[in-house]
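Have a look at the structure below before the remarks.
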Amino acid sequence: MNEAEIASGLPGTPNYQYAQQVGNQLFLAGQVPQAADGSTVAPGDPHAQASQCLANPGKLLAIHGFAVPDISRLVVYVVGEQADLSTAWTSVTEHFGGQVPAATLLGVARLGYPGQVVEIDATVVKGP
């Protein structure tokens with residue numbers, strides 16, 4: 001993590017890199033539903049967790065000089081049944097006002113933190 005990421009209110013995570021910029025691209029690591037204090041937001045709630053996962057990239061984009069319209073690809077990981085995937089996807093579409101970038105929605109068996117049911121990573125490309 002760099003100082004700007006910590007100052008933005010992203011949870012401090014040792015030995016973790018939130019994003020890496022390569023030229024006009026920004027690769028975001030999987031964003032998890034954590035508050036600034038590192039606690040898991042809304043354990044077990046795919047809608048609320050997807051919202052939190054999408055709030056954190058907004059901070060990262062600003063730090064690295066990108067904007068939400070620069071997001072080119074998302075991968076949304078959801079633990080649970082089909083209804084949980086649909087609920088998380090509803091949150092994603094709400095966040096982007098129905099204009100979701102290219103995305104993949106995946107059902108997975110488990111994620112990294114207790115109570116975590118959603119994680120989202122992204123590829124961001126700044127236009128000319």
Side-chain angles (χ1 to χ4, degrees):
M1 290 188 68
N2 64 41
E3 290 181 27
E5 291 171 347
I6 294 168
S8 76
L10 292 167
T13 307
N15 304 311
Y16 183 78
Q17 187 172 358
Y18 274 99
Q20 182 172 20
Q21 186 170 347
V22 179
N24 69 335
Q25 297 183 18
L26 185 66
F27 299 94
L28 300 184
Q31 301 300 296
V32 299
Q34 289 183 325
D37 66 2
S39 64
T40 300
V41 172
D45 180 341
H47 190 276
Q49 286 197 2
S51 293
Q52 182 65 39
C53 289
L54 290 165
N56 289 343
K59 297 172 186 174
L60 284 169
L61 295 173
I63 290 167
H64 294 281
F66 290 79
V68 171
D70 297 326
I71 296 174
S72 298
R73 184 190 64 83
L74 296 172
V75 180
V76 181
Y77 306 89
V78 183
V79 175
E81 301 300 320
Q82 184 64 45
D84 298 308
L85 276 75
S86 296
T87 299
W89 186 252
T90 296
S91 182
V92 171
T93 59
E94 289 169 356
H95 181 82
F96 287 98
Q99 301 298 313
V100 180
T104 300
L105 178 64
L106 296 171
V108 297
R110 185 172 298 116
L111 292 167
Y113 294 97
Q116 179 187 0
V117 295
V118 177
E119 186 162 329
I120 300 173
D121 69 43
T123 302
V124 187
V125 180
K126 190 179 291 190

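Count residues from 1 along the sequence. Keep in mind that this is a model prediction, so the values were computed, not measured.
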Stepwise side chain to side chain contact (heavy atoms under 4.5 Å, CB included) test for Asp84 and Val117: CA-CA 9 Å; Asp84 298 308; Val117 295; over 6 Å; no
Are the side chains of Tyr18 and Pro11 in contact, using a 4.5 Å heavy-atom criterion? yes
If we ignore hydrogens and angles and just use 3.5 Å, is the side chain of [X] paired with the main-chain N or O of [Y] as donor and acceptor?
X     : Y      : answer
Asp70 : Val124 : no
Gln49 : Val41  : yes
Ser86 : Gln82  : yes
Gln99 : Pro101 : no

How far apart are the C-alpha atoms of Trp89 and Val100, what are their side-chain angles, what is the distance that settles it, and do they pass the side chain to side chain contact (heavy atoms under 4.5 Å, CB included) test? CA-CA 10 Å; Trp89 186 252; Val100 180; 3.7 Å; yes
Rounded distance [0.5 Å steps], NE2 in His47 versus OG1 in Thr87: 7.5 Å
Between CG on residue Leu28 and CG on residue Leu74, distance to nearest 0.5 Å: 9.0 Å
Any idea which heavy atoms bring [X] and [Y] closest together, and the distance?
X     : Y     : result
Val92 : Leu54 : CA-CD1, 3.9 Å
Ala19 : His64 : CB-NE2, 4.0 Å
Gln31 : Asn56 : OE1-CB, 3.5 Å
Ala50 : Ala88 : CB-O, 3.8 Å
Gln52 : Gln34 : NE2-O, 3.2 Å
Ala29 : Tyr16 : CB-OH, 3.2 Å

Can [Y] be reached from [X] by stepping across I, L, V, M, F, W or Y side chains whose heavy atoms are under 4.5 Å apart?
X      : Y      : answer
Ile120 : Val108 : yes
Val125 : Phe66  : no
Val22  : Leu26  : no

Verdict with reasoning, Val68 to Phe96, per side chain to side chain contact (heavy atoms under 4.5 Å, CB included): CA-CA 9 Å; Val68 171; Phe96 287 98; 3.8 Å; yes
Regarding Glu119 and Gln116, do their side chains bring together a donor and an acceptor under 3.5 Å, going by distance alone? yes
Do Ser91 and Ser51 have side-chain atoms, one donor and one acceptor, less than 3.5 Å apart? yes
With side chain to side chain contact (heavy atoms under 4.5 Å, CB included) as the test, pick out the partner of Leu85 among Leu105, Thr90, Val76. Leu105
Does the side chain to side chain contact (heavy atoms under 4.5 Å, CB included) test come out yes or no for Ile71 and Leu61, once each step is laid out? CA-CA 9 Å; Ile71 296 174; Leu61 295 173; 4.0 Å; yes
